[in-house]
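Written below as structure tokens is the structure these notes are about.
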Number of protein chains: 2
Amino acid sequence: MSFESTPYKDKKVISIGIVSELTGLSFRQIRYYEERKLIFPERNEKGTRRYSFSDIEKLVEIANKREEGVQTHEIRKEMKQERTKSVEKNVLKDMLRGQFNAHFRNNNNNSM
Amino acid sequence: MSFESTPYKDKKVISIGIVSELTGLSFRQIRYYEERKLIFPERNEKGTRRYSFSDIEKLVEIANKREEGVQTHEIRKEMKQERTKSVEKNVLKDMLRGQFNAHFRNNNNNSM
DNA sequence: CGTGTAAGGAATTCTGACACG
DNA sequence: CGTGTAAGGAATTCTGACACG
């Protein structure tokens, strides 16, 4: 019923050069964070990496953590926790939507 | 008051190869439509073109028009009209917001 | 551990031009 | 008018490795 028709934020279309420009990180750093499983760019047929805006946001977060001296291993753990929280939030949202729909199931005939 | 903090849709970050993949158009066609002032990619320092998701949407529209046999010159005119309409719509929106704000100026103390 | 760098190769993109129609 | 293509050059990206610490 509810579609994400244009999730530009997650489309993997940006090359590493632009990502470097946008984040201020070196190619070496960007590739290394991939090696450490912090980001997951896609590849085109020829093997060049493609990143999304989400990846760029993640990289900025990573850069901040690194400046604080946090190791990639720790950052990885923290990001896993974030993902779990996010899943929980969605579960909660679904439950609320369920209640909401139940409540209005029988008297939703006028407003579109 | 209302900010577009992350207008990913208009960020010029995509190279012509990806645009070609996404639209199905050839490099030649994409560059030609720029020459005819239908799209306006940016350039990085070294001169390579960078497109936005908006540009890609425009290109798809252009491709559809071209298939119908519409010439680039006509397409250009049509797109100018679209822009004008869009401006008018915003003017209307601003007027409505003005009235809305005036109406609630004195009794907006509870709900955020 | 995290990052820099030189190395060699492969893929990308650019421009201006000739071609066809 | 709109698009294809071959041409030559410049810029981009890739991998694996050595280096420092």
Side-chain angles (χ1 to χ4, degrees), chain A residues 11-80, chain B residues 11-80:
Chain A
K11 275 240 161 190
K12 308 270 188 178
V13 296
I14 310 175
S15 61
I16 195 168
I18 301 271
V19 173
S20 175
E21 262 180 48
L22 261 36
T23 61
L25 296 168
S26 69
F27 287 30
R28 186 69 167 92
Q29 291 174 305
I30 298 170
R31 291 189 190 122
Y32 181 67
Y33 299 149
E34 175 183 1
E35 192 184 318
R36 302 311 309 271
K37 311 280 187 193
L38 298 179
I39 51 170
F40 306 91
E42 289 179 359
R43 302 285 185 122
N44 69 6
E45 328 72 54
K46 307 302 181 59
T48 69
R49 274 168 267 248
R50 300 302 175 196
Y51 302 84
S52 67
F53 283 110
S54 293
D55 291 329
I56 289 175
E57 288 186 1
K58 257 194 196 174
L59 282 170
V60 172
E61 276 183 54
I62 293 167
N64 289 147
K65 297 262 179 67
R66 284 292 303 128
E67 274 181 23
E68 294 169 19
V70 186
Q71 294 197 332
T72 56
H73 185 248
E74 293 305 317
I75 297 175
R76 177 132 193 266
K77 277 194 214 162
E78 293 176 28
M79 290 175 82
K80 261 189 189 162
Chain B
K11 275 241 162 190
K12 307 273 186 173
V13 297
I14 310 173
S15 60
I16 195 167
I18 302 270
V19 174
S20 175
E21 263 180 46
L22 260 36
T23 60
L25 296 169
S26 69
F27 287 30
R28 187 69 167 94
Q29 289 174 306
I30 297 169
R31 292 190 189 122
Y32 182 66
Y33 299 149
E34 175 184 0
E35 191 183 319
R36 302 312 309 272
K37 312 280 185 193
L38 297 179
I39 51 171
F40 306 91
E42 288 179 0
R43 302 287 185 120
N44 69 6
E45 328 72 52
K46 307 301 181 60
T48 69
R49 275 167 267 247
R50 300 301 175 199
Y51 303 82
S52 67
F53 284 110
S54 293
D55 291 329
I56 289 175
E57 289 186 0
K58 256 194 196 174
L59 282 169
V60 171
E61 276 184 53
I62 293 166
N64 289 146
K65 296 265 178 65
R66 284 292 303 128
E67 274 181 23
E68 293 169 19
V70 186
Q71 294 196 333
T72 56
H73 185 249
E74 293 305 317
I75 296 176
R76 177 133 194 266
K77 277 194 215 164
E78 292 176 30
M79 289 176 83
K80 262 190 190 163

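Chain letters run A, B, ... following the sequence lines, proteins first and then strands; every chain starts at 1. No hydrogens, no waters, no symmetry mates; every other heavy atom, side chains included, goes into these values.
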Shortest non-hydrogen contact from A:Y51 to A:S15?
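Here A:Y51 and A:S15 meet closest at CD1-C, 4.3 Å.
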
Choosing from [options], which nucleotide comes nearest the side chain of [X]?
| X | options | value |
| --- | --- | --- |
| B:K46 | D:dT12, D:dT13, C:dG2 | D:dT12 |
| B:T72 | D:dG2, D:dC14, C:dC14 | D:dG2 |
| B:Y33 | D:dT13, D:dT3, D:dG2 | D:dT3 |

Under a 4.5 Å cut-off applied to non-hydrogen side-chain atoms, are A:R50 and B:E21 in contact?
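Of all side-chain heavy-atom pairs linking B:E21 with A:R50, none is under 4.5 Å.
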
B:I75 vs B:M79 side-chain heavy atoms within contact, under 4.5 Å:
yes

Side-chain N or O of [X] closer than 4.0 Å to phosphate OP1/OP2 of [N]:
| X | N | result |
| --- | --- | --- |
| A:R66 | C:dT3 | yes |
| B:R49 | D:dT12 | no |
| A:Y32 | C:dT3 | no |

Has A:K58 got more than 12 heavy atoms of other residues, nucleotides or ligands less than 6.0 Å from its NZ?
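Buried by this count: over 12 neighbours within 6.0 Å.
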
When you measure from every atom of DNA chain C, which of residues 11-25 of chain B have a heavy atom less than 4.0 Å away?
B:S15, B:I16, B:G17

Would you classify B:R31 as touching base, sugar-phosphate or nothing, given that sugar-phosphate means primed atoms plus P, OP1 and OP2, and contacts are heavy atoms under 4.0 Å?
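Answer is base: heavy atoms of B:R31 come under 4.0 Å of a base.
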
Counting any heavy atom closer than 4.0 Å, what does B:R50 reach on the DNA or RNA strands: base, sugar-phosphate only, or nothing?
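No contact.
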
Could you write out DNA chain C as a dot-bracket string, with dots for unpaired bases, | for bases paired across to another strand, and Watson-Crick or G-U pairs counted at under 3.5 Å?
.||||.||.|.|.||.||||.

With side-chain hydrogen bond (donor to acceptor under 3.5 Å, both in side chains) as the test, pick out the partner of B:T72 among B:R36, B:K77, B:K37, B:K65.
B:R36

Using a strict cut-off of less than 4.0 Å between a Lys/Arg side-chain nitrogen and an Asp/Glu carboxylate oxygen, indicate whether B:E34 and B:R31 qualify as a salt bridge.
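Salt bridge: no.
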
Under 3.5 Å donor-acceptor, A:K12 side chain and A:F40 backbone:
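Present.
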
Hey, does the side chain of A:E74 reach the backbone of A:Q71 with a donor-acceptor pair shorter than 3.5 angstrom?
no

Distances under 3.5 Å between protein N/O atoms and the N/O atoms of nucleotides 4-8 of chain D, please, pair by pair.
| from | atom 1 | to | atom 2 | distance (Å) |
| --- | --- | --- | --- | --- |
| D:dG4 | OP2 | B:S26 | OG | 2.6 |
| D:dG4 | N7 | B:R28 | NE | 3.2 |
| D:dG4 | O6 | B:R28 | NH2 | 3.1 |
| D:dT5 | O4 | B:R28 | NE | 3.3 |

